[in-house]
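Here's the structure we're looking at; comments come further down.
Chain naming here is simple, since letters A, B, ... match the order of the sequence lines and numbering starts at 1 in each. Only a predicted model underlies this, so the values are computations on that prediction, with no experimental measurement involved.
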2 protein chains.
Amino acid sequence: MRTTVKDVAKAVGLSTTTVSLVLNNKPNRIPKATREIVLKAAKDLNYRPNHIAVSMVTKKTHTIGLILPDISNLYFSELAKVIEEQFHKYGYNVLYGNTNGTLEHDFEYLNLFIDRSVDAVIMTVSSNYSEKEIKSLHEIAEMNNVPIMMVDRTLDDPRFMSVLLDQKLGGYLATNYLIHLGHRKIACITGPKSLRISIERLEGYKSALQDAGLPFDPALIVEGDFRVDSGVQALPYILGQNATAVFSLNDMMAIGVYRECRRYHLSIPQDLSIVGFDDIFIDEFLEPPLSTIAQPVVEIGEYAVKKMMTVLEGEEDPSCADTMVFKPALKVRGSASKFMEKKQM
Amino acid sequence: MRTTVKDVAKAVGLSTTTVSLVLNNKPNRIPKATREIVLKAAKDLNYRPNHIAVSMVTKKTHTIGLILPDISNLYFSELAKVIEEQFHKYGYNVLYGNTNGTLEHDFEYLNLFIDRSVDAVIMTVSSNYSEKEIKSLHEIAEMNNVPIMMVDRTLDDPRFMSVLLDQKLGGYLATNYLIHLGHRKIACITGPKSLRISIERLEGYKSALQDAGLPFDPALIVEGDFRVDSGVQALPYILGQNATAVFSLNDMMAIGVYRECRRYHLSIPQDLSIVGFDDIFIDEFLEPPLSTIAQPVVEIGEYAVKKMMTVLEGEEDPSCADTMVFKPALKVRGSASKFMEKKQM
DNA sequence: TTGTAGGCGTTATCAA
DNA sequence: TTGATAACGCCTACAA
């Protein structure tokens, strides 16, 4: 059995109250003498507080629920790492769950974690929710009085705190870059249309075209699913449209394009320019290194934690839910080049 | 406030005992009538048990501590995902911690998780431990009566359950492959010498050379740190030794070699053959696709969980700690080819 | 300055 | 078949 406050109290011949007071540094100024006696005994007996019992009475578990679509995805694993490390600094531990991008799992984990009395939840929702689902989520949060923070993807509801990326700006930056390289037929491989980030990044694409006075051609848009294979499958179509450049809404699909280009004996960027999105670590090791839109993952994670801590420490009311938007940046490497008249094939 | 058993009891005019009995399906056969009344009330009141309170009395938290060196590393994030998903099936949740590969953090998280009364710990140790540290770790496990399972890396101590990869076989397979392609000067980029896996993979390398009647040349060994940069830095030295092939003890360093080869205008595999270790997802998208040694991560994770579950369900005594060893497999892609006499440079 | 006692929500023991 | 009651380990009003 682990030693308890009782054991310590017995050992020093004082009450559990006194021991507890000392151990928690309570301001009931306990004289230094007793204080040290207690501390010494606690140390000698190797006393470690039982968090379960503490939670029972304080109603705080110092535990955060982290709900992510897929931790084996580079972006999320990086995010998870940052979030865990930051919370760790504050003495919080992280319980995590993979939803595999399904809405039911979002709710399942949320309820599970709430049942386990987490102090807060950080989540990336699996998809866009319907009105009803948003309402349901909000009710759960309210009823259980647990603050929820949305990271990376948010819901159309201002009542949730969220920290996001300006996805539209990212789309704009990428497209604008290609336009300025002289490209006119720029294809775009999107993510699932049900995801806000797909829509927003695409909006940036459209917006850049518009600003440049270029027409938006729906034929140049291919829907993908953010996985490598989408890129592989999209290429033939893109070539058929005589596009000279591609904006892939994430790097994984861009990698698929790379691969398929090799099969077609096309070289990047001479035959096809390409810009991705995410800036996953592998980008700089591809041949040629992939130009992409970088997200400040570390800043995003750090901000999410810091913000949540202010809420947990009661300095801020979670209902004053605001949204923080981080700016992406274009990272130029070697996968896009100036448009040249295509040699006849 | 959440509804409690008390609320339910009050609502149906029965005692908390009866309610608890029903809700937990206890064999004290409560008549169907009362049973249904209770169940209905619980449902109507949206009763959810308070896990904290349950843990308080049952001494089980249904929580597992997962301690990994770096969850942003592809291998570990994949492992973490499998482990979480499997435990989830059994109704367990996972608390995770990143040690950043430092021994102090191993212990810090272990103690933290034990203080939080996890039912078990799954960990990948950060490094080789000294006798003293092993003893210390074992004492902590014993004293707190928490089963610990070592995954991927283990300690020189048969008292811990572990599930490992036959690292030596992996080293053998890779080297043997290169030998059979006709290579005689095969360089090896190792990981930190303090890590068992480095040593064991290197042993496989030596063993393959020996079986082929080839001499072991220490000059062909370069110590790396498992990061991309090590590969980058190792290449010039390797070329200086006139090696025609490289066995990189992990894929990240192999990627570094790829990159540096481009700078030197060397093509793989014509100018240099290379085999990696780990089989991270990106391998097949490199140019050329990287041949490597694949670990059955999913099987490893699943086994670890299943084994731990038998211990947790009391079917097995954790002290009968055995070790499961999985076999790696050579995955041939395009980064190694038959040795050809080098053209003069 | 320190101690008593009650309570957190649940399960378990034992009696009725 | 059901109900008091204690117990888990800790915190904290309130009392002394």
Checklist entry - Heavy-atom count around B:Glu313 CD within 6.0 Å, excluding the residue itself: above 12? => result yes
Looking only at the side chain of [X] (C-beta and beyond, no hydrogens), which of the listed nucleotides [options] gets closest?
X: A:Leu14; options: C:dC8, D:dT2, C:dT2; value: C:dT2
X: B:Met56; options: D:dG9, C:dG3, C:dT10; value: D:dG9
X: B:Asn24; options: C:dG3, D:dG9, C:dT11; value: C:dT11
X: B:Lys6; options: D:dC10, C:dC8, C:dT4; value: C:dC8
X: B:Leu21; options: D:dG9, D:dT2, D:dC8; value: D:dT2
X: A:Thr4; options: D:dC11, D:dC10, C:dT10; value: D:dC10

Has [X] got a side-chain N or O lying under 4.0 Å from the OP1 or OP2 atom of [N]?
X: A:Thr58; N: D:dC11; result: no
X: A:Thr34; N: C:dT2; result: yes
X: A:Thr16; N: D:dG9; result: no
X: B:Thr17; N: D:dT2; result: no
X: B:Lys59; N: D:dG9; result: yes
X: B:Asn50; N: C:dC8; result: no

Checklist entry - Taking atom types as modelled, is there a side-chain donor on B:Asp106 or B:Tyr129 under 3.5 Å from an acceptor on the other? => result yes
Atom [atom1] of [X] and atom [atom2] of [N]: how far apart are they, to the nearest Å?
X: A:Lys60; N: D:dG9; atom1: NZ; atom2: P; result: 23 Å
X: A:Leu23; N: D:dG9; atom1: CG; atom2: P; result: 16 Å
X: A:Ile52; N: D:dA7; atom1: CD1; atom2: P; result: 21 Å
X: A:Arg48; N: D:dC10; atom1: CZ; atom2: P; result: 12 Å
X: B:His51; N: C:dC8; atom1: NE2; atom2: C1'; result: 17 Å
X: A:Leu45; N: D:dG9; atom1: CG; atom2: C1'; result: 16 Å

Next on the checklist: For A:Val82, is there any backbone N or O sitting under 3.5 Å from a side-chain donor or acceptor partner on A:Glu85?
Outcome noted: no
Next on the checklist: Taking any heavy-atom pair under 4.0 Å as a contact, classify A:Val54: base, sugar-phosphate, or nothing.
Outcome noted: sugar-phosphate
Checklist entry - For B:Ser15 and B:Ala53, take the nucleotide of DNA chain D holding the closest heavy atom to each; which residue's nucleotide lies nearer the 5' end? => result B:Ser15
Item to check | Pair A:Lys135-A:Glu139, salt bridge (charged side-chain N to carboxylate O under 4.0 Å, His left out): steps then yes or no | outcome: CA-CA 6 Å; A:Lys135 184 158 166 267; A:Glu139 275 173 13; 3.6 Å; yes
Next on the checklist: Consider side chain to side chain donor-acceptor pair (under 3.5 Å). Of B:Asn98, B:Asn73, B:Asp70, which one does A:Lys81 pass it with?
Outcome noted: B:Asp70
